[in-house]
Student: 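First the structure, then my questions, so here it is.
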Amino acid sequence: MIQRLVVIGNGMAGIKCVEEILSLEPERFQITIFGAEPRPGYNRVLLSKMLQEESSFEHIVTHSWDWYEENGVKLQAGERVCRIDVATGMVETESGIREPYDILILATGSLPFIPPISGARKEGVIAFRDVDDCETMARYAKTYGKATVIGGGLLGLEAAQGLLNLGMETDVVHNAQYLMNRQLDRTAAVLLQRRLEQQGMRFHLAKNTVNIIGRNRAQGLMFADGNRLETDLVVLAVGIRPNIGLAQDIGLTVNRAIAVDDYMRTSIPGIYAVGECAEHRGISYGLVAPLYEQAKVLAKVICGRETAPYKGTVPYAQLKVAGIHVFSAGDIREEGNDIAIMEYNGMQQIYKKVMMRAGAITGAILFGDTAESTSLLGMVQRGAPVTELVPQDHSKSRAEDAAEALPEGEMVCACNGVSKGDILRAIATDKLKTVDEVKSRTKASSSCGGCRPLVAALVKNGLSQVTASKPVVTSTAQEVVPVCSCTHYDHDSLKIAMVDEVCRTLEEVVSRLGWTRQRGCKLCRPAVLYYLESLGLQGRSAPKQLSAGDAIQSTALYEGVAGSVGLSFTNLNAERHDFVDPAPLDQAFGGVIWLREQLAAVWGSLSLPSRVTVAVSPGAEYPGGVLVHDIGISRSPAGWEIYVGGHAEHPVRQGLLLGLEENPVEVVLMAVTCLQIYRHSARYGEKIWEWIERTGILALRESVLDAALRKELTSSLRSTMLTG
């Protein structure tokens, strides 16, 4: 006997549940879906991309009109259900449509939360929740110039980025001390704010809006401190509230949302709830992954199949706007947790922090490079031991490392429930060669797109030939070694703390970061003073605090380079004359001298983490120790070869090839870029070979060969030299 199944809500949770039911029992139900919007199913997660003009509505549609027809699903689009008659098993819409049901699924989703601000109902005040809101913003952008978003969370920042792309001056007002305060720590939030400010966004933090001013329409905001902000458009993005009106009308048990058990059953038999309108074990989820997990459980329950109960989902968040990648999962608070790993690369703007409790991973934050997000999410969900944290193989990207270490049963695409094994089997069976082919076949990366780097790595690594996952390489969490006995901070966390607290002098570091000695000691004092300079924290007018007694001393082997700088050049044996043709060699020696002079001029006024030696040679017959110096430059038939990381003393290290350039000017730029990256990301006292062994030659090579980054770094260097 065919049963009548009615779903109220054509959003991602409701339609996913229908999709799962059709895969299990395609002929068992007569299915009707009521959707308040006059549209087919679409991916609400991608609304921000639509607003940012990266996608059109057609690109975010998940289920076309044809899909409903082909699967025998009756879609009542643009019909809002206003009444449910439980006694007769009937639903009724505002337009008078009546539909009987045997089984009812409430997938009513959520509504934007409208804060109790005076004037919030005025014209020019909108929410950001659906396609209509995107179209309204685009329409306002054609007439008005200033927009303000109230809310510095995930949704608010995506809305603000879209408004920027529409050409509007955009301000973000947030009532907390820093952005995304529920998902990020202060360090990640500061990095995020800086990147967004560079794109033109303006922020007003720790501000409470009490009034939206304007006679007939919104013209500005009034804050609790009395300050005002002029604006033409106000976008409210301060949160959502579950849409529970229908549930309350029929007497379902409702808390913040509709109460459900582990099988998505409500307090009335035959009625189920799924998605943002449902509350499971006291939690109402607003993310795609838990909604899909709930939908799969509910589909099996309705089809009479055995299923494991839904036990809840670890919350996580991903932000991807204008090339900025942010990820957060689990409990990232420092209260009650310990830091397992914390990495910070100020030059490349990459930050990673993993939290643990009693040796188990509890939370993670990634900024800049989120390739490890999927594997870290799995670890957080499982409460994995910290020994599963995989040290990076610097011959590979982070995504490739994560892909190789991920167990085959682990989810790669949490949104669509696609595991690594699913992807590998699809690649092998269908001979898939691109990420888009994998996406089309498995739906991996088709929702939020956060797993796309990991999917690409699976394809690139050639793991399609692997039938069983490689064992996970294990290691203990990184040991934190304090800079000295004056503090508990190691070098990396010290730099982060100095940025967070905006310390501009040694005295401020000592007082704000809890030093045990008033002036520090001979170990920490030069490190602090160096970081003040290299991180750009020292004010332009502030005097240099690095004294000769604090600096790492070095011997300048090249005349004209100051000994306290930390940069020296080897002297070439320019007295050799046993060559056949003097003209080319004279020219080569001229190039050598020019290169040495240029490098000396650039770095003659800047400090470095440790003494750096540079060898420049006119050719292989005049080696000059190129391969055992920190930077070695040698003329070859193809151009100038640049080597880094050599070391002539114990332990002896051979320099690694950084690049090859024909133009001597580019040689200087490449060497300068390398030293600039070293200057900003190395730990004080860390030699170049130690730094490269820790961070990897591949990452350095990619950065140095990036023309845009090279230009940015050299520009930054010029600015430092002019203002230093």
Student: Tell me the closest heavy-atom pair linking V149 and A237, and the distance in Å.
Tutor: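 Here V149 and A237 meet closest at CG1-CB, 4.2 Å.
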Student: Search all heavy atoms of R256 against all heavy atoms of I244 and return the closest pair with its distance.
Tutor: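 For R256 and I244, the tightest heavy-atom pair comes out as O-CD1, 3.7 Å.
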Student: Taking side-chain hydrogen bond (donor to acceptor under 3.5 Å, both in side chains) as the definition, give me every residue that meets it alongside T362, ordered by chain and number, with sequence neighbours left out.
Tutor: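 For T362, the residues satisfying side-chain hydrogen bond (donor to acceptor under 3.5 Å, both in side chains) (neighbours in sequence not counted) are N337.
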Student: Just by distance, do the side chain of D232 and the backbone of K146 share a donor-acceptor pair under 3.5 Å?
Tutor: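 Yes.
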Student: Side chains of I350 and E343: closer than 4.5 Å at any heavy-atom pair?
Tutor: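 Answer no - side chains too far apart.
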Student: Just so I know, are the side chains of L236 and F113 near enough to count as touching, which here means a heavy-atom distance under 4.5 Å?
Tutor: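 SC-SC contact between L236 and F113 ruled out.
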Student: Can you find a pair of side-chain heavy atoms, one from L366 and one from H325, that are under 4.5 Å apart?
Tutor: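 A side-chain contact under 4.5 Å is absent here.
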Student: Nearest 0.5 Å please: distance from the OG1 atom of T673 over to the CD atom of Q676.
Tutor: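 So the OG1 of T673 and the CD of Q676 are separated by 8.0 Å.
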Student: So how far is it from N345 CG to F367 CZ, rounded to the nearest 0.5 Å?
Tutor: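 The distance works out to 12.0 Å.
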Student: Would you indicate whether R441, at its atom CZ, is surrounded by more than 12 heavy atoms from other residues, nucleotides or ligands within a distance under 6.0 Å?
Tutor: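 Open: at most 12 neighbouring heavy atoms sit under 6.0 Å from CZ of R441.
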Student: Hey, what do you get for NZ (K352) to CG (D492), rounding to the nearest 0.5 Å?
Tutor: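 Spacing of NZ (K352) from CG (D492) equals 12.5 Å.
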Student: R121 vs I114, test: side-chain contact (heavy atoms from CB on, under 4.5 Å). Steps then yes/no.
Tutor: CA-CA 9 Å; R121 302 290 178 178; I114 307 300; 4.1 Å; yes
Student: Validate the cation-pi geometry between R217 and Y144: distance from NZ or CZ to the six-membered ring centre under 6.0 Å, angle to the ring axis within 45°.
Tutor: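 Yes, R217 lies over the aromatic ring of Y144.
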Student: Report yes if some heavy atom in the side chain of N10 is under 4.5 Å from a heavy atom in the side chain of I15; otherwise report no.
Tutor: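 N10 vs I15: side chains touch.
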Student: Is T209 reaching over with its side chain to a backbone N or O of N211, donor-acceptor style, under 3.5 angstrom?
Tutor: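 Not confirmed, T209 side chain does not pair with N211 backbone.
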Student: Can you tell me if R44 uses its side chain to pair, donor with acceptor, with the backbone of R129 under 3.5 Å?
Tutor: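 It does hold such a pair.
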Student: How many angstroms lie between atom CD of E437 and atom OG1 of T442, to the nearest 0.5 angstrom?
Tutor: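 Going from the CD atom of E437 to the OG1 atom of T442 covers 11.5 Å.
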Student: Over 60° means perpendicular and under 30° means parallel, so classify the ring planes of Y316 and F327, tilted if in between.
Tutor: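 Ring orientation of F327 relative to Y316: tilted.
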Student: Enumerate the salt bridge (charged side-chain N to carboxylate O under 4.0 Å, His left out) contacts for residues 176-192, please, sequence neighbours excluded, ordered by first and then second residue.
Tutor: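 Passing the test, one end in residues 176-192: D185-K353.
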Student: Measure across L154 and A317 and return the closest heavy-atom pair with its distance rounded to 0.1 Å.
Tutor: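 Taking L154 first and A317 second, the nearest heavy atoms are CD2-CB, 4.3 Å.
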Student: State, to 0.1 Å, how close P40 and S64 come at their nearest heavy-atom pair, and which atoms those are.
Tutor: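 Residues P40 and S64, closest heavy atoms: CB-C, 4.2 Å.
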Student: I'd like to know if the side chain of E501 reaches the main chain of A497, judged simply by a donor and an acceptor atom lying under 3.5 Å from each other, with no hydrogens or angles considered.
Tutor: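 Checking the backbone N and O of A497 against the side chain of E501, no donor-acceptor pair under 3.5 Å is found.
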Student: Report, as yes or no, whether the 6.0 Å neighbourhood of atom CD on E197 holds more than 12 heavy atoms from other residues, nucleotides or ligands.
Tutor: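 Counting neighbours around CD of E197, more than 12 heavy atoms of other residues, nucleotides or ligands fall under 6.0 Å, so yes.
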Student: Grab the two heavy atoms, one from E37 and one from V131, that are nearest each other, plus how far apart they are.
Tutor: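 Looks like OE1-N, 4.2 Å.
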Student: Would you tell me whether S328 and Q183 have side-chain atoms, one donor and one acceptor, within less than 3.5 Å of each other?
Tutor: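 No, Q183 and S328 have no side-chain donor paired with an acceptor closer than 3.5 Å.
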Student: Rounded to the nearest 0.5 Å, what's the gap from CE on M168 to NZ on K142? Could you check?
Tutor: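 Spacing of CE (M168) from NZ (K142) equals 13.0 Å.
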Student: Among side-chain atoms of T313 and E293, is any donor-acceptor pair under 3.5 angstrom?
Tutor: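 Checked: T313/E293 side chains pair up, N/O donor to acceptor below 3.5 Å.
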Student: Taking everything shown except R80 itself, do over 12 heavy atoms lie less than 6.0 Å from its CZ?
Tutor: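 No, the 6.0 Å shell around CZ holds no more than 12 heavy atoms from other groups.
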Student: Any chance you could lay out the side-chain contact (heavy atoms from CB on, under 4.5 Å) test for M180 and I365, step after step, and finish with the verdict?
Tutor: CA-CA 12 Å; M180 292 182 64; I365 297 173; over 6 Å; no
Student: Could you give the distance from OG1 (T62) to CD (E19), rounded to the nearest 0.5 Å?
Tutor: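 One finds 8.0 Å between OG1 of T62 and CD of E19.
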Student: Whether the T148 and D171 side chains hold a donor-acceptor pair (N or O, under 3.5 Å, no angle test) is what I'd like checked.
Tutor: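 Result is no, nothing qualifies.
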Student: Identify whether the distance between the nearest side-chain nitrogen and carboxylate oxygen of E508 and R512 falls below 4.0 Å.
Tutor: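 So E508 pairs with R512 through a salt bridge.
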Student: So do M50 and L46 actually touch side chain to side chain, heavy atoms under 4.5 Å?
Tutor: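 Not touching, per the 4.5 Å side-chain cut-off.
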Student: Are Y42 and D130 close enough, and set up right, to give a side-chain contact (heavy atoms from CB on, under 4.5 Å), and what steps lead you there?
Tutor: CA-CA 10 Å; Y42 65 89; D130 55 29; 3.5 Å; yes
Student: For the pair K439 and V455, evaluate side-chain contact (heavy atoms from CB on, under 4.5 Å) and give the outcome as yes or no after the intermediate values.
Tutor: CA-CA 9 Å; K439 174 182 174 182; V455 175; over 6 Å; no
Student: Between the side chains of H174 and N181, does any donor sit under 3.5 Å from an acceptor?
Tutor: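 There is such a pair (donor and acceptor under 3.5 Å, judged by atom type) between the side chains of H174 and N181.
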Student: Can you classify the ring geometry of W65 versus Y68 as parallel (below 30°), tilted (30 to 60°) or perpendicular (above 60°)?
Tutor: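 The arrangement is tilted - the two ring planes meet at 30° to 60°.
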Student: Is it true that the side chains of Y285 and Q294 contain a donor and an acceptor less than 3.5 Å apart?
Tutor: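 Q294 and Y285 do not have a side-chain donor-acceptor pair below 3.5 Å.
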Student: Just so I know, are the side chains of L191 and R195 near enough to count as touching, which here means a heavy-atom distance under 4.5 Å?
Tutor: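 No, their side chains stay 4.5 Å or more apart.
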Student: Is there side-chain contact between I496 and Y351, with heavy atoms separated by less than 4.5 Å?
Tutor: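 They are in side-chain contact.
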Student: So, K122 side chain and I212 main chain: donor-acceptor pair closer than 3.5 Å or not?
Tutor: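 Side chain of K122 to backbone of I212: a pair is present.
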Student: Might you point out which heavy atoms bring A147 and L163 nearest each other, and give the distance in Å?
Tutor: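 It is CB-CD1, 3.8 Å.
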Student: Taking the side chain as every heavy atom from C-beta outward, state whether V125 and I117 have any pair of such atoms under 4.5 Å apart.
Tutor: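 No; the side chains remain at least 4.5 Å from each other.
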